[in-house]
Amino acid sequence: MNRTRSKSAFEEAQTVFPGGVNSPVRAFKAVGGSPVFIDRAKGAYLYDIDGNAYIDYVQSWGAMVLGHVQERVVAAIQKAVEQGTSFGAPSPLETRLGQLLQERIPYLERLRMVSSGTEATMSAIRLARAVTGRDKLVKFIGCYHGHSDSFLVQAGSGVATLGLPNSPGVTQSTAQDTIALPYNDIEALKLCFEQEGESIACVIIEAVAGNMGLIEADKVFIDTIRQLTSETGTLFIIDEVMTGFRASYEGATSLYEVEPDLLCFGKVVGGGFPMALFGGKKEYMDQIAPLGGVYQAGTLSGNPVAMTAGYETLSALTPEVFTGMERLTNQLCQGLRELATVYKVPLQVVQVGTMFGFFFNSKPVRNFEDSKSSDQSLFAKVHTMLLERGIYLAPSQYESNFMSAVHTKADIDQTLVAFASVFGELYG
Ligand SMILES: *Cc1c(COP(=O)(O)O)cnc(C)c1O
């Protein structure tokens, strides 16, 4: 596979952007080599500027749940663009998407549209602090909640990929208010609440973690968070930015049958546009300006094109479509497990809904420590060899992969053939 144009495009980009990219994980640092520069995308496929095609399991980090350039979505966007690309004033498009979201996620009694997942989580914790009059927040090691200061403490995703425990530039006083606990560790959680319970504003979690590889929380862990937060008047925030409309038809919250106080969504809900939201109980959300004093705003919030893309995407994502995607994800994961057995590869394959991930580890992975102990150089090697074979996976073991509604059985078979060839070369 020839990727000379991508290589020179990367060199040129490095004269413009730090590291040549506008989001760190895209630089392929964890897997080595040079990132693929994209020309266009269609359906389940990415096409690079050298003319190579890839089966895409990143799908813009899960956002493109219907696949790229879905006809219905594109037609609606084109129409929306002609009506105006930004108003800076309310439009019924916002209410229409908001109502659709409320139908799917009953916990969204009130919600607010923002432009990124980072904004959603950042605003949610501001609200939690205002509601409780407390400063501290509890997060879990390896979970990623965007790049606002409070969350850059033992965070997952690109932060983990680059091996940063904390980010320089986050002040000591901000970091002090963030308590980072091990994922799935009930004892640590209980101890923390014994010691600090009355000073914690909120607990925020990815109930299915997708930013340290894919890891499911134990149901009893989530239930314990709900119980401890309720007992102490602490808000429970579930960050569904990645898992919303992915971990199940609704998301992780319905998978765990738990009612959070606040939720954050992003990725899928914007249908490929910069759009996210946070919401939850009316009594809390009504404390946001202009009703309450908690300030939160955005020039492009509720953007009409993003609202249209989100609405069309979620409308087309029916339970039947979701079930089909889930079945295909299962076939791929089953196939991978069988290959791992045949070639004696120490592989853990994890599937939750239409998300999947894998670790080169002989033991199941339950937290960030386990995830870190996986064979990352093997991951890098396999990633590079699969890319050569036209399979585009997330370029870090700390990221999840995603199925779209337009991947086919043939795509899955081709992917498994590529894995078999890679495992054969490495283990044959
Ligand atoms: C992607 C992600 C975010 C951040 O969203 P951005 O739109 O990248 O700011 C927050 N939380 C989780 C769980 C995510 O996966």
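Every number for a ligand or one of its atoms is a count from 1 in the order of the listing. Every heavy atom of this structure was used, including side-chain atoms; hydrogens, water molecules and symmetry mates were not.
Residues satisfying the ring-ring contact (aromatic ring centres under 6.0 Å, His included) test with Phe151, not counting sequence neighbours, are His145. Ser362 is linked by a side chain to side chain contact (heavy atoms under 4.5 Å, CB included) to Pro346, counting only residues two or more places apart in sequence or in another chain. Phe368 is linked by a ring-ring contact (aromatic ring centres under 6.0 Å, His included) to Tyr398, counting only residues two or more places apart in sequence or in another chain.
Sorted by chain and number, the residues within 4.0 Å of ligand 1 by heavy atom are Ser116, Gly117, Thr118, Tyr144, His145, Gly146, Glu206, Asn211, Asp239, Val241, Met242, Lys267.
A perpendicular orientation is assigned to the rings of Phe379 and Phe360, their planes being inclined by more than 60° (bins at 30° and 60°). Taking the six-membered ring for Trp and thresholds of 30 and 60 degrees, Tyr57 and His407 have nearly parallel ring planes, at less than 30 degrees apart.
Remark: the Ser373 side chain and the Asn361 side chain contain an N/O donor-acceptor pair separated by less than 3.5 Å.
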